[in-house]
Amino acid sequence: MIPTTEGKFAAYYSERGLAQLDFPGDERKCDGKETNGGAPSSEVQRWHAMTAKALKAALAGRTPRELPPLDLSSGTEFQQRVWGVLRQIAAGRTKSYSEVAAEIKKPGAARAVGGACGANPIPVLVPCHRVLAAKSRLGGFSGGLDWKRKLLAREGIQLD
DNA sequence: TAACATTCCGCGC
DNA sequence: GCGCGGAATGTTA
């Protein structure tokens, strides 16, 4: 668990890196292989420290200096492609679903992009909240639109 | 096949 | 201009 000014975030790690990050209170189902019962390896502890630092920076509206390795192997190739685009969005900037779709050479797949964002296991660090619908409307958000609004506000993004 | 965190077009207000 | 209904669209479980 990572305590922040916004509450406690739950982090789950696989052998490759950070695999999932959950919003406070949002107890998602941890499919079987969560934390190993015994002592976490020193590697995981190091990742956890990085995650905590990066998360706090992101919540403060700053770009994290360094991120822990992310294990995105749970997603499909299409989703990983989308997440890759999301991570290219600079803090304070936004992209629309259709623009992201165009980025990955699949215009018209705006709706599919929305699906990929919703499947994103690592919110905040993979800035799924910087993706808006066309005409700078909010669109949706898995953890609740409150979070999306709050995160955008933290980065100084104002919607009309 | 059904279900979406979309988008676009056409109306009515 | 804004909101709503309906159709087209790509990906996923």
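Chain A is the first sequence line, chain B the second, and so forth, proteins listed ahead of strands; every chain is numbered from 1.
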Of the listed nucleotides ([options]), which one gets closest to any side-chain atom of [X]?
X: A:A112; options: C:dG10, B:dA5, B:dT7; answer: C:dG10
X: A:F78; options: B:dT7, C:dT12, B:dA5; answer: C:dT12
X: A:T76; options: C:dA13, B:dT6, B:dT7; answer: C:dA13
X: A:R111; options: C:dA8, B:dT7, C:dC2; answer: C:dA8
X: A:A110; options: B:dT7, C:dT12, C:dC2; answer: B:dT7

Q | Short side-chain to backbone donor-acceptor contact, A:W83 and A:F78, under 3.5 Å | A | no
Q. Is the number of heavy atoms from other residues, nucleotides or ligands within 6.0 Å of CD (A:E15) greater than 12?
A.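 Not more than 12 within 6.0 Å, no.
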Grab the [atom1]-[atom2] distance between [X] and [N] for me, whole Å please.
X: A:Q79; N: B:dA5; atom1: CD; atom2: P; value: 13 Å
X: A:R81; N: C:dT11; atom1: CZ; atom2: C1'; value: 12 Å
X: A:K135; N: B:dC9; atom1: NZ; atom2: P; value: 14 Å
X: A:L132; N: B:dT7; atom1: CG; atom2: C1'; value: 15 Å
X: A:L138; N: B:dA5; atom1: CG; atom2: P; value: 14 Å

Q. Going by an N to O cut-off under 4.0 Å, is there a salt bridge joining A:R93 and A:E155?
A.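 A:E155 and A:R93: not salt-bridged.
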Q: Taking only Lys NZ, Arg NE, NH1 and NH2, and the carboxylate oxygens of Asp or Glu, determine whether A:R154 and A:E6 approach each other closer than 4.0 Å.
A: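 Counted as a salt bridge, because a side-chain N and a carboxylate O are separated by less than 4.0 Å.
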(Q) Taking 4.0 Å as the cut-off, does a side-chain nitrogen or oxygen of A:S98 come that near to OP1 or OP2 on B:dT7? (A) yes
(Q) Strictly below 4.0 Å: does A:K106 bring a side-chain N or O up to OP1 or OP2 of C:dT11? (A)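 So the side chain of A:K106 is within the cut-off, an N or O lying under 4.0 Å from OP1 or OP2 of C:dT11.
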(Q) Under a 3.5 Å cut-off for both contacts, is B:dC9 paired Watson-Crick or G-U wobble with anything, and if yes, with which nucleotide? (A)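 C:dG5 is the nucleotide pairing with B:dC9.
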Q: Would you classify A:G108 as touching base, sugar-phosphate or nothing, given that sugar-phosphate means primed atoms plus P, OP1 and OP2, and contacts are heavy atoms under 4.0 Å?
A: sugar-phosphate
